[in-house]
Amino acid sequence: MIRRAIYPGSFDPPTNGHLDIIERGAKMFDHLIVGIGVNSEKAPFLSVEDRLQLLTECCSHLPNVEVMSFDGLLVHFAKEQNSTVLLRGLRAITDFDYEFRIALANRSLAPDIETTFLIASEEFSFLASSVVREVARLGGDYGKFVPEPVARCIAARLA
Ligand code: PNS
């Protein structure tokens with residue numbers, strides 16, 4: 001049996017924490033799709049095209065990882081991709097309530113799809129895309145929080 005999973009998120013921008021979950025997830029599944037959820041009601045920091053290109057570049061060393069974007073429901077995307085597993089990262093207890101609600105909503109919509117979690121590595125337990133966006137906008141050193149290609153893209157975006 002081929003084990004296929006989806007790691008969904010906004011990835012706006014992708015962080016070192018995301019990459020850590022992707023690298024660890026790639027060891028657990030035969031095929032891992034990084035799914036960039038497109039929210040057309042929210043103006044993104046980086047465009048979907050930028051996020052697609054950046055994540056593809058950052059995952060180029062992982063042959064079983066594919067990067068795609070999706071709109072609409074995550075469970076529909078998972079079914080289209082023949083995936084019955086959703087992978088999410090959990091940082092702190094504060095993530096739990098949100099993740100719990102989303103996982104239950106997804107299970108109610110699609111009982112055959114399971115959500116599974118990886119605990120974030122300690123060094124990334126505080127790291128969120130929102131932190132990177134704020135540090136970047138306020139002129140701080142965001143380079144330590146994101147892969148190099150992402151840092152370059154953010155610099156261009158803010159120039
Ligand atoms: O990184 P994020 O912002 O926590 O990712 C959120 C994402 C993209 C995984 C979530 O918003 C999502 O699944 N969006 C698609 C719409 C959907 O299926 N929502 C869940 C049902 S409530």
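Remember, it's 1-based here, ligands and their atoms both numbered in the order they're listed. We use all heavy atoms of the structure for the numbers below, so side chains are in, but hydrogens, waters and symmetry mates are not.
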> Can you check whether a protein heavy atom sits less than 4.0 angstrom from atom 12 (C) of ligand 1?
Replying inline: no
>> Checking D20 against S121: is there a side-chain donor and acceptor pair closer than 3.5 Å?
In response: yes
>> Just to confirm my output: which protein heavy-atom neighbour is closest to atom 22 (S) of ligand 1, and how far is it?
In response: A105 CB, 4.0 Å
>> Which of the numbered atoms in ligand 1 are under 4.0 angstrom from any heavy atom belonging to N106?
In response: 20 (C), 21 (C)
> So F77 and F70, would you call those rings parallel, tilted or perpendicular, with 30° and 60° as cut-offs?
Replying inline: parallel
>> For F100 and F117, I'd like to know if the aromatic rings sit close, meaning centre-to-centre distance below 6.0 Å.
In response: no
>> Suppose I only count heavy atoms of Y98 and a 4.0 Å limit; which atoms of ligand 1 are within that range?
In response: 4 (O), 6 (C)
> Do any N or O atoms from the side chain of R3 and from the backbone of M28 form a donor-acceptor pair under 3.5 angstrom?
Replying inline: yes
> Is the closest heavy-atom distance from R88 to ligand 1 below 4.0 Å?
Replying inline: yes
> Nearest protein heavy atom to atom 18 (O) of ligand 1, by residue and atom, and its distance?
Replying inline: L74 N, 2.8 Å
>> Show the nearest heavy-atom pair for residues D30 and N64, with the distance to one decimal.
In response: O-CB, 3.0 Å
> Tell me, which protein residue and heavy-atom name are nearest atom 19 (N) of ligand 1, and how many Å apart are they?
Replying inline: L73 CD2, 4.3 Å
>> Could you work out, for atom 16 (C) of ligand 1, the closest of A128, G72, S10 by heavy-atom distance?
In response: G72
>> Between K27 and E23, does any side-chain N to carboxylate O distance fall below 4.0 Å?
In response: no
